[in-house]
There are 2 protein chains.
Amino acid sequence: MNIAEMLRTNGYKVTPQRLAVYEAINHNTTHPNAESIYKQLQPNYPSMSLATVYKTMEIFAKIGVVRVLQCGEDSHRYDYKTASHAHIRCVKCNQVFDVNIEQEPLIREAERQTGFSIDDMNLSFIGVCKDCQEKE
Amino acid sequence: MNIAEMLRTNGYKVTPQRLAVYEAINHNTTHPNAESIYKQLQPNYPSMSLATVYKTMEIFAKIGVVRVLQCGEDSHRYDYKTASHAHIRCVKCNQVFDVNIEQEPLIREAERQTGFSIDDMNLSFIGVCKDCQEKE
DNA sequence: GTGCGTGCAAAACCTTTGCACATCG
DNA sequence: CGATGTGCAAAGGTTTTGCACGCAC
């Protein structure tokens, strides 16, 4: 199902802005925040507002098109990969990368310990990436 | 080493405000944010300002007296347990609890995959606690 | 007495909201 | 044409900062 169908199926209208935001994040591995998506779209969509990026992201998150990440920063980042997975951020260059760590066993263990019914989890690491280590 | 020595050793002055904030968080298992520490101190320290709570927490985090948590909310929470450990938050009652999950193996695996030198990690779960499940 | 700490208010930052206008269906 | 979406500006929530005064040392 493409993004237009995805929106329509969920009762949302298909607009140029929504398609543009989708293009900006789809297969975008940089884990951008709202501001950088906004800046990325500025040249081709000068009328696009930051508020529209936020509103669109809220919808995309709701219908499962993006995932919202907290990587120890003030702003949220967005990931087109919607399956929950770990992230790692470099404190020097601020890039965020994926990490493959199985999350199911962690969720089961947390549920066992606490009796919670778990909806979601967030696993992120912070450190210095290889490139930045070499630059020192 | 008590908090007064801890402050002096690190070149900070010992003030009634800092001691009061320390009392408020030491062995406080509720993982409070700045606002709730401020409110907790209000009755006994009416002149204490929220800015002082923030400034004090910044120092405490720097000298290893508290740990800053991000549990998927807008505000930061503070934990007197400074050894990195996992947390779980209930979306209904907003309480945060500790979870015992070994983090060293996760850090080693993330370092192996990415070549990062890891300084810190954050593992948090979100769901519905046992009490809130039963209330439904 | 000197320099650091406090409290206030203002600013900064990210995100959300209200509203008039535009546009999708 | 009606309901939903957009863009702007303003407001909201959290955290930081500038500055005059006060207190630790």
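The figures that follow rest on heavy atoms only: side chains count, while hydrogens, waters and symmetry mates do not. Reminder, nothing fancy here: chain letters follow the sequence lines and each chain counts from 1. If you're wondering where the values come from, they're calculated on a predicted model, not measured in any experiment.
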Query raised in the report: So, is His76(A) near the phosphate of dC14(C), with a side-chain N or O under 4.0 Å from OP1 or OP2?
Result: no
**Report entry** Whole-Å distance separating the NZ atom of Lys62(A) from the P atom of dG5(D)
**Finding:** 10 Å
**Report entry** Evaluation steps, side chain to side chain contact (heavy atoms under 4.5 Å, CB included), between Ile126(B) and His87(B)
**Finding:** CA-CA 9 Å; Ile126(B) 294 175; His87(B) 293 91; over 6 Å; no
Query raised in the report: Nearest to the side chain of Ser49(A) - dT17(D), dC14(C), dG7(D)?
Result: dG7(D)
Query - Nearest-angstrom distance from the residue atom CD of Glu35(B) to C1' of dG13(D) - result: 10 Å
**Report entry** Side-chain donor-acceptor pair present, Asp79(B), His85(B), cut-off under 3.5 Å
**Finding:** yes
Query raised in the report: Of the nucleotides dC14(C), dT6(D), dT17(D), which has the atom closest to the Ala51(B) side chain?
Result: dT17(D)
Report task. Measure from the side-chain heavy atoms of Pro16(B) and tell me the nearest of dT15(D), dA24(D), dC8(C). Result -> dA24(D)
**Report entry** From dT15(C), dG5(C), dG7(C), nucleotide with atom closest to Tyr12(B) side chain
**Finding:** dG5(C)
Query raised in the report: Out of dC8(D), dT6(C), dC14(C), which nucleotide sits closest to the side chain of Arg18(B)?
Result: dT6(C)
Query raised in the report: For the pair made of CD in Gln70(A) and P in dT14(D), what is the distance, rounded to whole Å?
Result: 13 Å
Requested in this report: For Thr52(A) and for Arg8(B), find the nucleotide of DNA chain D with the closest heavy atom, then tell me which residue's nucleotide is more 5'.
Outcome: Thr52(A)
Requested in this report: Tell me whether the OP1 or OP2 atom of dT6(C) has a side-chain N or O from Thr15(B) closer than 4.0 Å.
Outcome: yes
Query raised in the report: Under 4.5 Å between any side-chain heavy atoms of Phe125(B) and Ile107(A), yes or no?
Result: yes
Query raised in the report: Any idea which of dT6(D), dG5(C), dC25(D) is nearest the Val14(B) side chain?
Result: dC25(D)
**Report entry** Between P of dG13(D) and OH of Tyr38(B), the distance in whole Å
**Finding:** 16 Å
Query raised in the report: Taking the side chain as C-beta and beyond, is there a heavy-atom pair between Tyr22(A) and Gln17(A) under 4.5 Å?
Result: no
Query raised in the report: Between dT6(C), dT16(D), dG5(D), which nucleotide gets closest to the side-chain atoms of Lys55(B)?
Result: dT6(C)
Requested in this report: Among the candidates dG5(D), dG3(C), dG7(C), find the nucleotide nearest to the side-chain atoms of Ser47(B).
Outcome: dG7(C)
Query - Distance, rounded to the nearest Å, where Glu73(B) contributes CD and dG12(D) contributes P - result: 21 Å
Report summary line: note: Met57(A), atom CE; dT17(C), atom C1'; distance rounded to Å ~ 19 Å
Report task. Using only side-chain N and O atoms of Gln17(A), determine if any of them is under 4.0 Å from OP1 or OP2 of dT23(C). Result -> no
Query - Note, Lys130(A) side chain near Thr114(B) side chain (heavy atom, < 4.5 Å) - result: no
Requested in this report: Check the surroundings of atom CD in Glu5(A): do more than 12 heavy atoms from other residues, nucleotides or ligands lie under 6.0 Å from it?
Outcome: yes
Report task. Could you check which of dT15(C), dC24(C), dT6(C) has an atom nearest any side-chain atom of Lys13(A)? Result -> dC24(C)
Query raised in the report: Mapping Asp74(B) and Gly11(B) to their closest nucleotides on DNA chain C, which lands nearer the 5' end?
Result: Gly11(B)
Query raised in the report: Leu50(A) CG to dC8(D) C1': how many Å, rounded?
Result: 12 Å
Query raised in the report: Could you state the CE-C1' distance from Met48(A) to dA22(C), rounded to the nearest angstrom?
Result: 15 Å
Requested in this report: Please determine if a side-chain N or O atom of Tyr54(B) lies less than 4.0 Å away from the OP1 or OP2 oxygen of dT16(D).
Outcome: no
